S.K.: 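I have a structure I would like to understand better, so I am pasting it below and will then ask my questions one at a time.
These numbers were taken from a predicted model, which means no experiment stands behind them.
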Amino acid sequence: MLAVLCVILLAAVIALAVVVRRQQVDLTAHAAHVEQLEADLDAALRPRPAQNPTERAISRMIRTASKVREQGITGVIQSTIEEMTAWAREEEAEIVHMAAPDGTVTICFSDIENSTQLNARMGDQTWVRVLEAHDSVLRGRIARYRGQVVKTAGDGFMFVFRDPEAACRAAVGIQSDLRRPSEVLRRHGKVRVRIGIHTGQVVAKDGDYFGENVALAARVADLASGGEVLCSDAVRAALDDNAAVALIDPTDPIELKGLPGEHVVWRVVPAG
């Protein structure tokens with residue numbers, strides 16, 4: 001009788017374990033679905049940037065009309081020569097696709113920690129396959145949050161977003177994806193990526209971005225360790241209170257090589 005009871009109990013435990021496992025799988029799938037819906041909703045609600053010269057001209061006319069309404073025609077005429085020159089050159093320098101309404105862009109830099117040593121250990125052919133898997137992860141998350149890859153160099157990426165929360169969520173998503181690697185990365189070894197994020201105004205030319213804020217984003221990335229996302233204090237200031245990420249472990253004010261002043265850097269993690 002005891003043996004029968006033990007068998008029944010064991011069967012019940014196994015059945016319960018199967019049910020729990022199924023629920024865990026369902027919860028994981030549900031969480032991924034909710035995240036996708038949130039991303040899609042965020043993208044749908046975000047105003048579409050101007051896509052052609054006509055739309056950009058209309059946008060400039062609206063901004064000018066608003067300024068006239070606020071300052072009067074005299075105030076507009078009394079604008080500085082520098083401002084008038086900037087208006088004349090706006091078509092050339094305007095960041096058409098990624099600029100937020102205030103003209104800022106959120107810039108991200110990433111690279112693979114110890115990439116040279118990994119390349120030497122794996123060999124060139126395997127390393128190329130690993131890079132392709134790594135690139136697929138980054139490009140997928142960047143596209144999902146409506147970002148734009150500016151340029152790549154080996155294992156390094158520079159990419160930008162219209163708003164800082166999208167950048168932070170994409171970066172956290174990249175790290176999450178790399179912790180659950182693809183078959184190629186499981187077979188040949190995981191990669192640990194460092195990501196730095198900064199928000200500010202930049203200069204755009206020939207599809208590239210320049211300026212002090214670009215350099216600052218790169219310096220923030222230099223401070224990160226593999227598997228870590230860091231951001232500047234400007235990103236923290238630009239995030240809404242209900243952002244779907246959390247910023248923790250601020251540094252003391254530090255100097256960044258080649259840049260004036262002192263800066264506070266934060267670690268970006270999923271909210272909650």
Side-chain angles (χ1 to χ4, degrees), residues 98 100 104-119 130-131 134-135 137-139 141-142 145 147-179 181 185 189-203 208-240 243-271:
M98 287 296 134
T104 61
V105 171
T106 299
I107 313 124
C108 308
F109 281 92
S110 74
D111 65 2
I112 297 176
E113 186 179 54
N114 298 324
S115 58
T116 302
Q117 294 91 321
L118 289 173
N119 187 357
V130 168
L131 280 183
H134 156 270
D135 292 2
V137 169
L138 265 69
R139 290 184 184 277
R141 281 288 178 172
I142 293 167
Y145 288 97
Q148 179 185 69
V149 176
V150 177
K151 57 186 174 183
T152 64
D155 62 290
F157 269 66
M158 175 184 175
F159 47 105
V160 295
F161 291 84
R162 183 179 173 86
D163 65 83
E165 182 175 351
C168 291
R169 292 180 67 183
V172 168
I174 287 168
Q175 300 294 17
S176 176
D177 291 343
L178 290 173
R179 283 192 290 271
L185 294 178
K190 295 181 180 180
V191 297
R192 290 168 53 83
V193 169
R194 312 180 306 162
I195 303 177
I197 309 173
H198 174 59
T199 294
Q201 294 185 334
V202 299
V203 176
D208 204 347
Y209 296 76
F210 304 91
E212 183 178 305
N213 286 313
V214 174
L216 203 157
R219 292 288 181 263
V220 172
D222 289 341
L223 296 174
S225 301
E228 191 173 45
V229 180
L230 298 182
C231 77
S232 67
D233 206 38
V235 174
R236 179 201 60 79
L239 287 174
D240 294 333
V245 293
L247 305 186
I248 62 174
D249 301 336
T251 65
D252 293 328
I254 57 175
E255 294 183 355
L256 298 177
K257 183 179 179 181
L259 295 170
E262 294 185 324
H263 306 269
V264 176
V265 175
W266 300 73
R267 189 156 62 92
V268 185
V269 297

S.K.: For a quick check under 3.5 Å, do Asp249 and Trp266 share a side-chain donor-acceptor pair by atom type?
M.R.: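 Per modelled atom types, Asp249 and Trp266 side chains form no pair under 3.5 Å.
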S.K.: Check whether more than 12 heavy atoms from other residues, nucleotides or ligands sit under 6.0 Å from atom CD of Glu262, and answer yes or no.
M.R.: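 Atom CD in Glu262 is crowded, with more than 12 foreign heavy atoms closer than 6.0 Å.
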S.K.: Rounded to the nearest 0.5 Å, what separation is found between the OG1 atom of Thr104 and the CD atom of Gln201?
M.R.: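 Nearest 0.5 Å value for the OG1-CD distance: 7.0 Å.
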S.K.: Determine, step by step, whether Asp155 and Glu113 satisfy the side chain to side chain contact (heavy atoms under 4.5 Å, CB included) criterion, reporting the C-alpha distance in whole Å, the side-chain angles of both residues, the deciding distance to 0.1 Å, and the verdict.
M.R.: CA-CA 9 Å; Asp155 62 290; Glu113 186 179 54; over 6 Å; no
S.K.: Quick one: closest heavy-atom pair of Val269 and Val172, and the distance?
M.R.: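 Where Val269 meets Val172 most closely, the heavy atoms are C-CG2, 4.2 Å.
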S.K.: Which distance, rounded to the nearest 0.5 Å, do you find between the CZ of Arg194 and the CD of Glu228?
M.R.: 10.0 Å
S.K.: Would you check if Phe157 and Asp135 make a side-chain contact, meaning some heavy-atom pair closer than 4.5 Å?
M.R.: yes
S.K.: List the atom of Ala271, the atom of Ala243, and the distance in Å for their closest heavy-atom pair.
M.R.: CB-O, 4.2 Å
S.K.: How long is the straight-line distance from OG of Ser232 back to CD1 of Ile197, given to the nearest 0.5 Å?
M.R.: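 These two atoms lie 8.5 Å from each other.
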S.K.: How long is the gap from CZ on Arg192 to CD on Gln175, to the nearest 0.5 Å?
M.R.: 8.5 Å
S.K.: Are Thr106 and Thr199 linked by a side-chain donor-acceptor pair shorter than 3.5 Å?
M.R.: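 Yes.
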S.K.: Taking the side chain from Asp233 and the backbone from Val264, do they hold a donor-acceptor pair closer than 3.5 Å?
M.R.: no
S.K.: Just so I know, are the side chains of Ile174 and Ser110 near enough to count as touching, which here means a heavy-atom distance under 4.5 Å?
M.R.: no
S.K.: How far apart are the closest heavy atoms of Arg267 and Leu230, and which atoms are they?
M.R.: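 Shortest heavy-atom contact: CA-CD2, 3.8 Å.
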S.K.: Ala224 and Ile195: which non-hydrogen atoms are nearest, and at how many Å?
M.R.: CB-O, 3.9 Å
S.K.: Any heavy-atom pair between the side chains of Asp208 and Val150 that's under 4.5 Å?
M.R.: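 Side chain of Val150 against side chain of Asp208, heavy atoms only: contact under 4.5 Å found.
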S.K.: Would you say Gln148 and Tyr209 make side-chain contact, with heavy atoms under 4.5 Å?
M.R.: yes
S.K.: Kindly give the heavy-atom pair with the smallest separation between Val265 and Val220, and that separation in Å.
M.R.: CG1-CG1, 4.2 Å
S.K.: Let's go through Arg162 and Val105 carefully: what are the C-alpha distance in whole Å and the side-chain angles of both, what is the deciding distance for side chain to side chain contact (heavy atoms under 4.5 Å, CB included) to 0.1 Å, and is it a yes or a no?
M.R.: CA-CA 6 Å; Arg162 183 179 173 86; Val105 171; over 6 Å; no
S.K.: If I compare all heavy atoms of Phe109 with all of Val214, which pair ends up nearest, and what's the gap?
M.R.: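 Answer, listing the atom of Phe109 first, then Val214: CE1-O, 3.4 Å.
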S.K.: State the NE2-CD1 distance between His263 and Ile254, to the nearest 0.5 angstrom.
M.R.: 8.5 Å
S.K.: As an exercise, state the distance from NE2 of His134 to OG of Ser115, rounded to the nearest 0.5 Å.
M.R.: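 Atom-to-atom, His134:NE2 and Ser115:OG are 9.5 Å apart.
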S.K.: Please evaluate residues Asp111 and Val193 with respect to the criterion side chain to side chain contact (heavy atoms under 4.5 Å, CB included), reporting the C-alpha separation (whole Å), side-chain torsions for both, the decisive distance (0.1 Å), and the verdict.
M.R.: CA-CA 6 Å; Asp111 65 2; Val193 169; 5.9 Å; no
S.K.: Where do Cys168 and Val229 land on the side chain to side chain contact (heavy atoms under 4.5 Å, CB included) test, with the steps shown first?
M.R.: CA-CA 8 Å; Cys168 291; Val229 180; over 6 Å; no
S.K.: I need the single residue from Val149, Ile107, Ile142, Val202 that forms a side chain to side chain contact (heavy atoms under 4.5 Å, CB included) with Val160. Which is it?
M.R.: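 The residue from Val149, Ile107, Ile142, Val202 that satisfies side chain to side chain contact (heavy atoms under 4.5 Å, CB included) with Val160 turns out to be Ile107.
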S.K.: So, Glu255 side chain and Pro260 main chain: donor-acceptor pair closer than 3.5 Å or not?
M.R.: no
